[in-house]
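All figures in this text were calculated on a predicted structure; none of them were measured in a lab. We count residues from 1, following the sequence as given.
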Amino acid sequence: GRSYTLGTLVFEKLADTLCYSALIFLLLAVASAPNWLNQVAYGMLVFTLVFTLAVAVVYAGGGRLWQALEHILRRLPAWAHQLLVARLQAALEGVTSLRSGAAIWRLSLWSVFIWATAILNNLLVFRAMNLRLPLSASILTLVVLQAGIAFPAVPGKIGLFELACVLALSVFGVSGSTAFSYGVVLHVVVLVPSTFAGLLFLWILGLPKGVFVGPS
């Protein structure tokens, strides 16, 4: 169900947040980072601690939390009670679904692998464009991109993506025109394969008529 899936996404976002915060503090430890990154680091530290604590409370006390929520929901009108109880219970079950240590370890390892491939992707585009930049440049580019694309923008993050690359690479003395070109190439490398993969799987799964044109 959608509510259960939404609950499981909490763990996904928690894993992403922890990896993102770890990258920021890794940059601060091994490289000469810009001053604005220090401010981002403090903000991410507070957010990560609050987010982790909130998930830990739900994870550890899911049963008691549900009892408290159910007590509050009983005061609502019958139609609202019926509407919310099933959805909230499913969402709570989604958050507490990872009960085995093996599942948590798999989630952690896959999260690290995914973020490592993103860093490698940035680094390989550096090499393809003959930009001899350190590993820290690839990490900083990823950090800035993740922060930049979080803001609302046109579909595909066109323009904002490239601007984030210019900002990140300026720290390493890369000219604006070269950094913009890098951003365009990286954007194509990131966007085109995922878009075609998404369309392929949507076609395989099948969509309502009028959404995707494919063989009958």
Side-chain angles (χ1 to χ4, degrees), residues 3-69 72 87-88 90-99 101 103-123 134-153 157 159-172 183 186 190:
S3 299
Y4 182 87
T5 303
L6 181 62
T8 64
L9 288 177
V10 172
F11 263 103
E12 178 193 350
K13 295 308 176 186
L14 177 60
D16 281 342
T17 300
L18 291 172
C19 289
Y20 186 73
S21 299
L23 285 179
I24 293 176
F25 285 99
L26 177 63
L27 272 175
L28 294 175
V30 303
S32 179
N35 291 331
W36 54 261
L37 189 61
N38 290 293
Q39 299 176 356
V40 172
Y42 293 129
M44 280 303 302
L45 177 61
V46 173
F47 176 78
T48 302
L49 289 176
V50 173
F51 190 15
T52 304
L53 180 61
V55 174
V57 169
V58 175
Y59 188 78
R64 291 187 294 273
L65 181 61
W66 173 246
Q67 291 177 0
L69 285 174
I72 297 173
R87 286 169 173 77
L88 288 176
L92 190 61
E93 289 174 357
V95 175
T96 59
S97 59
L98 291 179
R99 283 296 180 184
I104 294 176
W105 272 108
R106 285 197 299 271
L107 172 65
S108 302
L109 291 175
W110 277 113
S111 297
V112 171
F113 174 76
I114 290 170
W115 282 82
T117 58
I119 295 171
L120 179 62
N121 190 54
N122 294 349
L123 197 61
L135 178 63
S136 57
S138 178
I139 298 175
L140 180 60
T141 301
L142 178 60
V143 167
V144 175
L145 279 172
Q146 291 300 313
I149 63 178
F151 293 98
K157 308 297 180 181
L160 191 59
F161 189 101
E162 288 73 18
L163 180 61
C165 289
V166 171
L167 176 62
L169 297 185
S170 65
V171 176
F172 297 89
L186 181 63
V190 171

Residues in side chain to side chain contact (heavy atoms under 4.5 Å, CB included) with Leu45, at least two apart?
-> Phe25, Leu49

Keeping to residues at least two apart or across chains, list the side-chain hydrogen bond (donor to acceptor under 3.5 Å, both in side chains) pairs with something in residues 13-22.
-> Asp16-Trp115, Ser21-Thr48

Does Leu186 reach the side chain of Leu145, with side-chain heavy atoms less than 4.5 Å apart?
-> yes

Heavy-atom pair with the smallest gap, counting every atom of Ile119 and Ser138 | O-OG, 2.5 Å

Report the residues that fulfil side chain to side chain contact (heavy atoms under 4.5 Å, CB included) with Ala118, sequence neighbours left out, ordered by chain and then residue number.
-> Leu142

Output the distance between atom CG (Leu135) and atom CG (Leu140), rounded to the nearest 0.5 Å.
-> 11.0 Å

How many angstroms lie between atom CE of Met44 and atom CG of Leu23, to the nearest 0.5 angstrom?
-> 10.0 Å

Phe51 and Leu18: CA distance, side-chain angles, deciding distance, side chain to side chain contact (heavy atoms under 4.5 Å, CB included) verdict = CA-CA 10 Å; Phe51 190 15; Leu18 291 172; over 6 Å; no

At their closest point, which heavy atom of Leu123 faces which heavy atom of Pro134, and how far apart are they?
-> CD1-O, 4.4 Å

Residues two or more places apart in sequence or in another chain: which of them pass ring pair (Phe, Tyr, Trp, His ring centres under 6.0 Å) with Phe113?
-> Trp110

Residues that Leu26 engages under side chain to side chain contact (heavy atoms under 4.5 Å, CB included), provided they are two or more places apart = Val30, Ile139

Who passes side chain to side chain donor-acceptor pair (under 3.5 Å) against Ser111, sequence neighbours left out?
-> none

